[in-house]
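Structure record follows, encoded as structure tokens.
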Amino acid sequence: MTPLLGLIWVTVAVAQMPDSTLFSLMQRWGNVEYQMQGDAQLKAFEDLADEADALARSQPGNPHVLTAQGVVLASFAKAKGGLGALDLAKRARTVLEKAISLDPQGESGSAYVTLGALYQHAPGWPIAFGDSDKARELLHKAVSIRPDGIDTNFYYAQFLEEQGEAAEALTYAKRAVDGQPRAGRPSDEALRQEAGRWLAEHQ
């Protein structure tokens with residue numbers, strides 16, 4: 001499943017943490033996602049996924065929890081790669097779709113970004129559910145919800161570049177560089193720097 005192996009995943013954090021348990025979970029997710037590699041990362045993601053699953057079972061109607069669970073599962077799928085990642089990616093899709101059904105704003109666009117990345121990079125039918133049209137719809141929705149977002153604009157820019165829409169991609173990459181970081185989201189500044197490097201390479 002080559003498209004998942006090289007996937008650049010979304011810098012996503014839950015917009016409004018309902019309790020300290022969820023906040024702690026997503027803080028540790030950030031550490032595992034950006035600071036760890038190899039077998040240690042896989043084991044850490046497995047533990048986080050188990051914890052997120054348990055939290056979701058205890059709060060099945062909480063969109064904040066479901067978005068966090070989807071983010072963890074999606075990141076675990078990316079790290080795992082290969083055919084073994086398909087089940088994780090499918091679970092992440094189901095969870096994120098449920099979160100959006102409960103919260104149409106999708107955690108200020110975060111759920112849409114992650115779900116859009118899944119549709120963008122997963123293999124298509126009959127292997128999996130990859131669909132560039134669906135990815136475009138979801139990533140554009142994320143931008144419409146948070147038009148000044150660094151992550152929303154940058155990942156939409158990358159999608160557009162992949163689709164051969166270079167001029168539009170540059171427009172959204174510039175918006176990402178000029179975007180507003182979210183409070184308490186140091187990863188947004190790191191992503192801004194990545195967007196700046198990407199923009200310099202593609203201009």
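All residue numbers refer to positions in the sequence shown, counting from 1.
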Task: Centroid-centroid distance, Y119 to F129, less than 6.0 Å - done: yes
TODO: May I ask you to say whether E33 pairs ionically with K78, meaning some side-chain N is under 4.0 Å from a carboxylate O?
DONE: yes
- [ ] Please assess L55 against T21 for the test side chain to side chain contact (heavy atoms under 4.5 Å, CB included), listing each intermediate value before the final yes or no.
- [x] CA-CA 9 Å; L55 192 59; T21 302; 4.1 Å; yes
So which heavy atom on [X] is nearest to which on [Y], and how close?
| X | Y | result |
| --- | --- | --- |
| D133 | D131 | N-OD1, 2.9 Å |
| G106 | I100 | CA-CG1, 4.3 Å |
| F76 | L42 | CE1-O, 3.8 Å |
| N153 | P147 | ND2-O, 2.9 Å |
| P104 | I145 | O-CD1, 4.3 Å |

Task: side chain to side chain donor-acceptor pair (under 3.5 Å) partners of residues 160-170, not counting sequence neighbours, each pair once - done: Q120-E162, R136-E165
Task: Candidate pair E189 and R192, rule salt bridge (Lys or Arg N to Asp or Glu O under 4.0 Å), full reasoning - done: CA-CA 5 Å; E189 287 297 345; R192 188 203 302 277; 3.0 Å; yes
- [ ] For residues R146 and D151, determine if any side-chain heavy atom of one lies less than 4.5 Å from a side-chain heavy atom of the other.
- [x] yes
- [ ] Please examine the side chains of L96 and L66, heavy atoms only from C-beta on, and report whether any two atoms are closer than 4.5 Å.
- [x] no
Task: side chain to side chain contact (heavy atoms under 4.5 Å, CB included) assessment of K43 paired with D47 - done: CA-CA 6 Å; K43 180 60 171 65; D47 291 341; 2.9 Å; yes
- [ ] Kindly compute the distance separating CG (L25) from CD (Q69), expressed to the nearest 0.5 Å.
- [x] 9.5 Å
Task: F154/L191 under side chain to side chain contact (heavy atoms under 4.5 Å, CB included): CA gap, chis, key distance, verdict - done: CA-CA 8 Å; F154 183 41; L191 191 62; 3.6 Å; yes
Task: Candidate pair S110 and Q105, rule side chain to side chain contact (heavy atoms under 4.5 Å, CB included), full reasoning - done: CA-CA 9 Å; S110 294; Q105 293 299 299; over 6 Å; no
- [ ] Applying side chain to side chain contact (heavy atoms under 4.5 Å, CB included), name anything that partners E201, two or more places apart in sequence or on another chain.
- [x] none
Task: Pair R28, S24: side-chain N/O donor-acceptor within cut-off below 3.5 Å - done: yes
TODO: Tell me, yes or no, whether the heavy-atom count around Q37 atom CD, taken from other residues, nucleotides or ligands under 6.0 Å, exceeds 12.
DONE: no
